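Take a look at the structure set out below.
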Amino acid sequence: MTINNNTPKFLNELNEAQREAVVYTDGPELVIAGAGSGKTRVLTYKIAYLLTQGVHPAQIMALTFTNKAAKEMKERIVKLTNEETERYLRMGTFHSIFASILRREANHIGYNSNFTIYDEADSRSLCNSIIKELGLDNKIYRAAAVHARISEAKNNLITSHEYKDNIEAVERDAVSGMPMLHKIYTEFSRRCIMSNAMDFDDLLLRTYQLFKNNPDICSNYSKRYNHILIDEYQDTNHAQQQIIQLLTCCHKNICAVGDDAQSIYAFRGANIDHILDFQTQFEGTKLFKLEQNYRSTHCIVNAANSLIAKNQRQIKKDVYSMNDEGERIEITQLSSDREEALFVSKSIKQRILSEGLNYSDFAILYRTNSQSRSFEEQFLKSGIPYRIYGGMSFYQRKEIKDLIAYFRVTVNPEDEEALLRVINYPTRGIGNTTIQKVLSKARSEGMTAWQVLCQLEEMLPELSKGTLNKLTAFRMMIEGFSEQLSTADAAHLGEQIIKQSGISQDLYSNTDPEYLSKQEHLEEFLASMEEFVETQREQDAPEGLVDFLHEVSLLSDRETEDTDKPQVTLMTVHSAKGLEFPCVYIVGMEEDIFPSAMSSGNIRGIEEERRLLYVAITRAERYCHLTYAKIRFRYGKQEWCTPSRFLKEIDTKLLKFNNVQSLGQTQSYNRQGLFKTKNTTYQSQPRNNFTRIEKAIPATSTSKQNTQNPTEILKIGDAVAHNRFGQGVIVKLEGSGPSCKATVDFINAGQKTLMLKFANLHKIST
């Protein structure tokens, strides 16, 4: 439309592309907003502009995905217009706005207007009750998994009546061992209606049903809200997209803002096709592109562009930056996940000292939550304050706390808090009534609960034989673990506890995402135990469960940091969307981690993983650093890793490849050297002036050439490589034969004194 003489002054605050998107009011509009291009600004200024053009605020519906986004936009609009605006604006999340509509129209869908909204805990509790009443095994039909399936069905607009006839859903339930899930869904829906209650997914499903089955009501709302604006359109699911189409039945005044390159929530039901096909679904759509990135350096923006260009299905755009050229994105190879954490820790401290930054300027981004463990441990040791954003500390997760409780009670059966946590986990039929009897007897006799368990027949003769057997079996299991304390290393005993306690069976009997995540955490914890044993053994230090528990207790007891104090932010890439930091480290850039193993062989999945890395890179304002490890502890053992395929897809002119050399120098090397095949002796070395591995040293080797004293092979000043600590220089040698030790000054790990018979050092030359 043509701007009249009453053009609001705030339009002067926009660049040309933003201004064009804001003033367009002649039909459906799709605004593709590149990373850092001012998406929120366009959305808020467009609403403010509509108000200045005579549109009443009550005629505008603005839909967001978070309350925070809605609140922020409303505050900005009020500043641009006036405080009266806030009273009438219909701005909020999909769920909050649709809940208000449903309260007004509740009688049309079989509800009263004062219906209750169940949260996740309420919904799971109801599922649990139904599972129990139907006589189903709650170890198979887990409430969380069952509700997740019901939620998915509702977001795909599949009602409980339709679910049992949905071949795909029924077959998947059968494969998962839950063929009765349709009955649970049917009963769940019936109970909700009887209780005049809805869960969060019902707010979408019932709104769709209201509009679909009542065209007159749908028409009334479409006429009332004759301007619909949607934030983050690429994140809409099927139910949301269908409701939006219904709401625009009487007009085409829809403005969708988003970025297909940042569509990363398919696992939540988001469908990228909604934004890619918007111009087809809404005939006559005008496309606007916001391509100037105000956040990042020229180099970071171009690197991200070169990566995302590899995706086939996308809306092409040319994002650019007018900021400084900036430093090239660095890619650093580390020997192991242990050295990766050491390197990042050291790098952060160096940047703070050299550039006057503070800890809050840094973010560590990883693909999965379990990757936080090594960084948390290293940051605590290095005195680097940190916070876990959008999640919890690795050691505060239930599955980890449960296992640590087993370790505690194995080491010290008198530890009552630990004993009470695990006595009936996994469920072994020891109910709360029985536990209270044990505790009551312990209190009255001045004993510990464990002492009572050791004298059950004498202390609690009233217990039934079945209960007595269950308590005795638990006690004997713990005693069996305790008997191994002096003979088994921490990793071996820990693995036995995981298997024999039933934790392994409990966590691995389910393939739902929640349990896959728990499995990852458990495997990462096993890896930390293996690493602990190897490290202790190499340094001739105790390697038992008592020693491991002492170390891990210091980590798990970390107090919450003062939020006003500058802290490094640790988070998954998914949690980082919408945020920005001066310095970003993207870690674990390896195949089967990033991209995820679950996306392998799936073009659609790989493209979403590529978008995820695009999001990660574009969080950085000034510095972006990608790291990967040659060896990583996974699934309880060391595994060789292959660098992520995505590293090859970024324009090499925008990259700096770093490989720490034996003399402590950081050298650049060519692209081919970074991606040598997996079966080379020392993976990913530079092709020119490469580092050569001469031989591994263990003194106990039976080969003829290594029967000599290690000190005759190694000398002070020799450069060596270690699988976990990386490269360093020998500064001291002592002892002989099996007792020979070497003190090595590692570039990232500092000085370590290692038993050569365990350390498996590699002598290197350049």
Side-chain angles (χ1 to χ4, degrees), residues 10-11 13-25 28-50 62-66 68-70 72-73 76-77 80 91 227-236 240-241 244 254-265 270-279 282 285-296 298 300-302 304-305 307-309 311 313-323 573 576-580 608 610-621:
F10 58 69
L11 290 180
E13 301 171 16
L14 305 174
N15 65 33
E16 184 178 351
Q18 292 171 337
R19 182 184 176 113
E20 289 178 357
V22 164
V23 303
Y24 182 79
T25 59
E29 172 183 10
L30 177 61
V31 181
I32 298 298
S37 64
K39 169 183 65 68
T40 304
R41 167 172 285 224
V42 166
L43 205 54
T44 53
Y45 277 58
K46 185 170 189 69
I47 294 171
Y49 178 75
L50 289 172
L63 298 165
T64 68
F65 277 85
T66 65
K68 180 182 178 183
E72 179 183 338
M73 284 195 286
R76 291 191 189 184
I77 292 167
L80 293 172
M91 177 178 286
H227 286 275
I228 307 289
L229 299 95
I230 306 105
D231 188 21
E232 304 285 12
Y233 194 77
Q234 78 279 352
D235 294 336
T236 53
Q240 291 161 335
Q241 192 261 354
I244 289 165
I254 176 172
C255 174
V257 182
D259 183 8
D260 57 296
Q262 298 186 67
S263 178
I264 59 174
Y265 294 117
N271 190 336
I272 192 174
D273 293 338
H274 295 162
I275 195 167
L276 294 178
D277 298 337
F278 186 91
Q279 296 171 81
F282 294 92
T285 293
K286 177 77 170 177
L287 177 65
F288 296 89
K289 297 179 182 179
L290 307 183
E291 297 174 308
Q292 183 175 355
N293 179 300
Y294 289 91
R295 174 188 302 150
S296 307
H298 184 267
I300 289 171
V301 169
N302 285 351
N305 286 345
L307 171 74
I308 203 63
N311 272 9
R313 287 202 71 205
Q314 61 175 301
I315 298 173
K316 295 292 184 180
K317 57 184 178 296
D318 183 21
V319 179
Y320 65 94
S321 172
M322 300 294 287
N323 296 333
V573 182
K577 188 170 178 293
L579 302 177
E580 56 190 51
E608 174 144 333
R610 190 177 286 114
R611 292 194 296 271
L612 192 59
L613 181 55
Y614 174 85
V615 167
I617 292 172
T618 55
R619 297 312 94 198
E621 297 172 354

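Remember, it's a predicted structure, so these values are computed and weren't measured experimentally.
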(request) Could you tell me the separation between the CG atom of Leu613 and the OG1 atom of Thr618, rounded to the nearest 0.5 Å? (result) 9.0 Å
(message) I'd like to know if the side chain of Ser296 reaches the main chain of Ala620, judged simply by a donor and an acceptor atom lying under 3.5 Å from each other, with no hydrogens or angles considered.
(response) yes
(request) Output all residues satisfying side chain to side chain donor-acceptor pair (under 3.5 Å) with Thr236, sequence neighbours left out; order by chain, then residue number. (result) His274
(request) Report the C-alpha separation of Met91 and Ile47 in whole Å, then their side-chain angles, then the decisive distance to 0.1 Å, and conclude whether the side-chain contact (heavy atoms from CB on, under 4.5 Å) test is met. (result) CA-CA 10 Å; Met91 177 178 286; Ile47 294 171; 3.3 Å; yes
(message) Which heavy atom of Asn311 sits nearest to which heavy atom of Arg610, and what is that distance?
(response) OD1-NH1, 2.6 Å
(request) May I ask you to check whether Glu232 and Gln234 show a side-chain donor-acceptor distance below 3.5 Å? (result) yes
(message) So, using side chain to side chain donor-acceptor pair (under 3.5 Å) as the criterion, who are the partners of Gln241 when residues are at least two apart?
(response) Gln281
(message) Checking Glu291 now: which residues fulfil salt bridge (Lys or Arg N to Asp or Glu O under 4.0 Å) with it, not counting sequence neighbours?
(response) none
(request) Taking salt bridge (Lys or Arg N to Asp or Glu O under 4.0 Å) as the test, write out the residues that go with Arg76, two or more places apart. (result) Glu72
(message) Suppose we screen for salt bridge (Lys or Arg N to Asp or Glu O under 4.0 Å). Which residues come up paired with Asp277, at least two apart in sequence or across chains?
(response) Arg313
(message) Quick one: does any side-chain atom of Asn293 pair with a main-chain N or O of Gly34 as donor and acceptor, under 3.5 Å?
(response) no
(message) Test your reading of the model: is there a side-chain donor-acceptor pair from Arg295 to the backbone of Ala35, 3.5 Å cut-off?
(response) no
(message) Checking Leu30 now: which residues fulfil side-chain contact (heavy atoms from CB on, under 4.5 Å) with it, not counting sequence neighbours?
(response) Ile32, Ala256, Ile275, Phe278, Gln279, Thr285, Leu287, Ile315
(message) Is the shortest side-chain heavy-atom distance between Cys255 and Val31 below 4.5 Å?
(response) yes
(request) Apply ring pair (Phe, Tyr, Trp, His ring centres under 6.0 Å) to Tyr614 and list each qualifying residue two or more places apart in sequence or on a separate chain. (result) none
(request) Nearest 0.5 Å please: distance from the CG atom of Asn305 over to the CD1 atom of Ile300. (result) 12.0 Å
(message) According to side-chain contact (heavy atoms from CB on, under 4.5 Å), who are the partners of Thr64, at least two apart in sequence or on a separate chain?
(response) Ala69, Ala70, Met73, Thr93, Asp231
(request) Hey, could you give me the CZ/NZ distance between Phe65 and Lys577, rounded to the nearest 0.5 Å? (result) 9.0 Å
(request) Measure across Asp273 and Asn271 and return the closest heavy-atom pair with its distance rounded to 0.1 Å. (result) N-OD1, 2.9 Å
(request) Can you see which heavy atom on Tyr233 is nearest to which on Phe282, and at what distance? (result) OH-CE1, 4.1 Å
(request) Can you sort out the partners of Gln292 under side-chain contact (heavy atoms from CB on, under 4.5 Å), two or more places apart, ordered by chain and number? (result) Asn15, Tyr294, Tyr320, Met322
(message) For a side-chain contact (heavy atoms from CB on, under 4.5 Å) check, start with the C-alpha distance between Phe288 and Val42, then their side-chain angles and the critical distance, and finish with the verdict.
(response) CA-CA 11 Å; Phe288 296 89; Val42 166; over 6 Å; no
(request) First locate atom CD1 of Ile230, then atom CG of Asp235, and finally report the distance between them rounded to the nearest 0.5 Å. (result) 12.5 Å
(message) Applying side-chain contact (heavy atoms from CB on, under 4.5 Å), can you list everything that pairs with Ala576, at least two apart in sequence or on another chain?
(response) Leu365, Met571, Arg619
(request) Measure across Glu580 and Glu621 and return the closest heavy-atom pair with its distance rounded to 0.1 Å. (result) OE2-OE2, 3.2 Å
(request) Only counting residues at least two apart or in another chain, list the ones meeting side chain to side chain donor-acceptor pair (under 3.5 Å) with Glu608. (result) Arg611
(message) Checking the side chain of Lys46 only, and the main-chain atoms of Thr25 only, is there a donor and an acceptor separated by less than 3.5 Å?
(response) no
(request) Measure the CG-CG distance between Leu229 and Leu43 for me, rounded to the nearest 0.5 Å. (result) 5.5 Å
(request) Please identify each residue that fulfils salt bridge (Lys or Arg N to Asp or Glu O under 4.0 Å) with Lys317, with sequence neighbours left out. (result) Asp259, Asp260
(message) Determine whether a donor-acceptor pair (N or O, by modelled atom type, separation under 3.5 Å) exists between the side chain of Gln18 and the backbone of Ser37.
(response) yes
